[in-house]
Amino acid sequence: MIKSGYLRSVSQVVSNQLNVSTANVVLPKKQVVNVAPQSISLLSLSRSLPNASFSVSSGPAVTSQIRWAHTDIHVPDWSNYRKNSVKDPEVKSSDSEVSRKNFTYLISGALGASGVYATKGLVTQFVSSMSASADVLALAKIEVKLADIPEGKSVTFKWRGKPLFIRHRTAEEIASEQSVAVSSLRDPQHDNERVQNPKFLVVIGVCTHLGCVPIANAGDFGGYYCPCHGSHYDASGRIRKGPAPLNLEVPEHTYANEGLLIVG
């Protein structure tokens with residue numbers, strides 16, 4: 001042992017109390033056991049197989065296993081409470097006859113109602129497009145004071161979007177037009193058939209050839225002349241020369257009194 005003011009060391013031996021033995025280990029001899037072979041017959045194999053229903057599932061992610069089926073569970077029979085059309089368990093309830101009928105009736109009714117409303121809208125729009133506009137309807141009837149038309153003159157008015165000729169005829173014009181032979185006319189019509197009051201001729205100022213507007217107090221017969229294609233009308237509005245096939249149209253008109261004419 002060494003002692004100093006700063007260090008101290010001790011040397012000590014401790015025994016492990018292990019005895020060294022020189023004896024040798026003797027291993028037992030290997031024993032061989034002979035097992036008699038067992039005979040396996042078809043009967044023994046059949047007895048080792050399962051005798052009930054089972055299912056086998058296999059695959060890369062599952063293990064092979066045997067599951068016994070529980071076939072002794074009794075399910076109540078509700079056939080007496082079900083409709084004949086849905087007694088088949090493989091048929092969905094939505095595929096039954098009643099469901100199909102209801103669906104068919106619903107679709108048919110909806111399509112029928114939609115078709116009626118669509119047809120109504122189309123017919124209304126079509127009829128409205130054929131009717132006259134508001135400004136034309138406002139002029140459905142026109143009143144003319146006959147005193148404002150001088151004798152021997154023709155005055156033009158606007159009626160239903162068309163020019164309206166009103167002619168105050170002289171006595172000579174009346175006599176001349178009434179003496180014309182009807183058989184010589186292209187569109188045979190007597191003067192008395194075209195006027196209600198012999199003094200006044202009321203015609204629509206549209207040429208019956210191509211719809212042009214004739215000129216009053218002109219032409220070979222002193223009535224109306226269409227410069228577009230050379231149609232000549234007399235003082236009764238009858239075609240006398242040119243390509244026009246018909247006389248000038250006479251609109252519906254009445255005389256409210258001696259000095260007032262209503263056209264329309």
Exercise. Kindly compute the distance separating CG (D234) from CG (D220), expressed to the nearest 0.5 Å.
Key: 11.5 Å

Self-check item: side chain to side chain contact (heavy atoms under 4.5 Å, CB included) assessment of Q178 paired with N192
Solution: CA-CA 7 Å; Q178 290 183 349; N192 294 334; 3.1 Å; yes

Practice problem: Would you check if P188 and S183 make a side-chain contact, meaning some heavy-atom pair closer than 4.5 Å? | Solution: no

Exercise. With the side chain counted from C-beta on, respond yes when L201 and E173 share a heavy-atom pair under 4.5 Å apart, and no when they do not.
Key: no

Practice problem: Check whether any side-chain N or O of E249 sits under 3.5 Å from a backbone N or O of I204 as a donor-acceptor pair, and report yes or no. | Solution: no

Self-check item: Minimum-distance pair of heavy atoms, taken over all atoms of A244 and Y233
Solution: CB-OH, 3.2 Å

Practice problem: Please report the closest heavy-atom contact between G223 and R167, naming both atoms and the distance. | Solution: O-NH1, 3.7 Å

Quiz item: Minimum heavy-atom separation for D191 to S236, with atom names?
Solution: OD1-OG, 2.7 Å

Self-check item: Closest non-hydrogen atom pair, C212 against C228
Solution: SG-SG, 3.0 Å

Exercise. Could you tell me the separation between the CG atom of L164 and the CD1 atom of I142, rounded to the nearest 0.5 Å?
Key: 6.5 Å

Quiz item: How far does CG of N197 sit from NE2 of H168, to the nearest 0.5 angstrom?
Solution: 8.0 Å

Exercise. Would you please classify the geometry between the Y224 ring and the F165 ring as parallel, tilted or perpendicular, with 30° and 60° separating the classes?
Key: parallel

Practice problem: Provide the closest heavy-atom pair for P245 versus T208 in the form atom of the first, atom of the second, distance. | Solution: CD-O, 3.4 Å

Quiz item: Any donor-acceptor pair under 3.5 Å linking the side chain of R238 with the backbone of V182?
Solution: no

Quiz item: Are the side chains of T156 and V213 in touch, meaning some heavy atoms are under 4.5 Å apart?
Solution: no

Quiz item: Does one hydrophobic cluster hold both W159 and V206, with members joined at side-chain heavy-atom distances below 4.5 Å?
Solution: yes

Quiz item: Would you say F157 and I215 are hydrophobically clustered, going by side-chain heavy atoms of ILVMFWY under 4.5 Å?
Solution: no

Exercise. Let me see the working for R240 and V180 under side chain to side chain contact (heavy atoms under 4.5 Å, CB included), right down to the final yes or no.
Key: CA-CA 11 Å; R240 303 292 293 273; V180 174; 3.9 Å; yes

Exercise. Could you go through the side chain to side chain contact (heavy atoms under 4.5 Å, CB included) check for E143 and L260 one step at a time?
Key: CA-CA 7 Å; E143 296 181 356; L260 183 62; 4.0 Å; yes

Quiz item: Is E193 atom CD crowded by more than 12 heavy atoms from other residues, nucleotides or ligands, each under 6.0 Å away?
Solution: yes

Quiz item: How close do A256 and I262 get, heavy atom to heavy atom, and via which atoms?
Solution: CB-CD1, 3.8 Å

Quiz item: Is it true that Y225 and V155 fall in one hydrophobic cluster, defined by side-chain heavy atoms closer than 4.5 Å?
Solution: no

Exercise. Find out if a path of hydrophobic residues (ILVMFWY) with successive side-chain heavy-atom gaps under 4.5 Å connects V203 to L246.
Key: no

Exercise. Determine which pairs satisfy side-chain hydrogen bond (donor to acceptor under 3.5 Å, both in side chains) with at least one residue from residues 110-120, sequence neighbours left out, and list them in order.
Key: none

Practice problem: Report the distance from atom CG of N217 to atom OG of S154, rounding to the nearest 0.5 Å. | Solution: 6.0 Å

Quiz item: For H229, which residues count as a ring pair (Phe, Tyr, Trp, His ring centres under 6.0 Å) partner, sequence neighbours excluded?
Solution: H209

Quiz item: Which is it for L261 and F200 under the side chain to side chain contact (heavy atoms under 4.5 Å, CB included) test, yes or no, and what are the steps along the way?
Solution: CA-CA 10 Å; L261 172 66; F200 294 94; 5.9 Å; no

Exercise. Could you tell me whether the side chains of R194 and Q189 share a donor-acceptor contact shorter than 3.5 Å?
Key: yes

Practice problem: Check the hydrophobic clustering (I, L, V, M, F, W, Y; side-chain heavy atoms under 4.5 Å; chains of links allowed) and say if L185 and F221 are grouped together. | Solution: no

Self-check item: Approximate separation, where rounding is to 0.5 Å, of Q196 CD and E252 CD
Solution: 9.0 Å

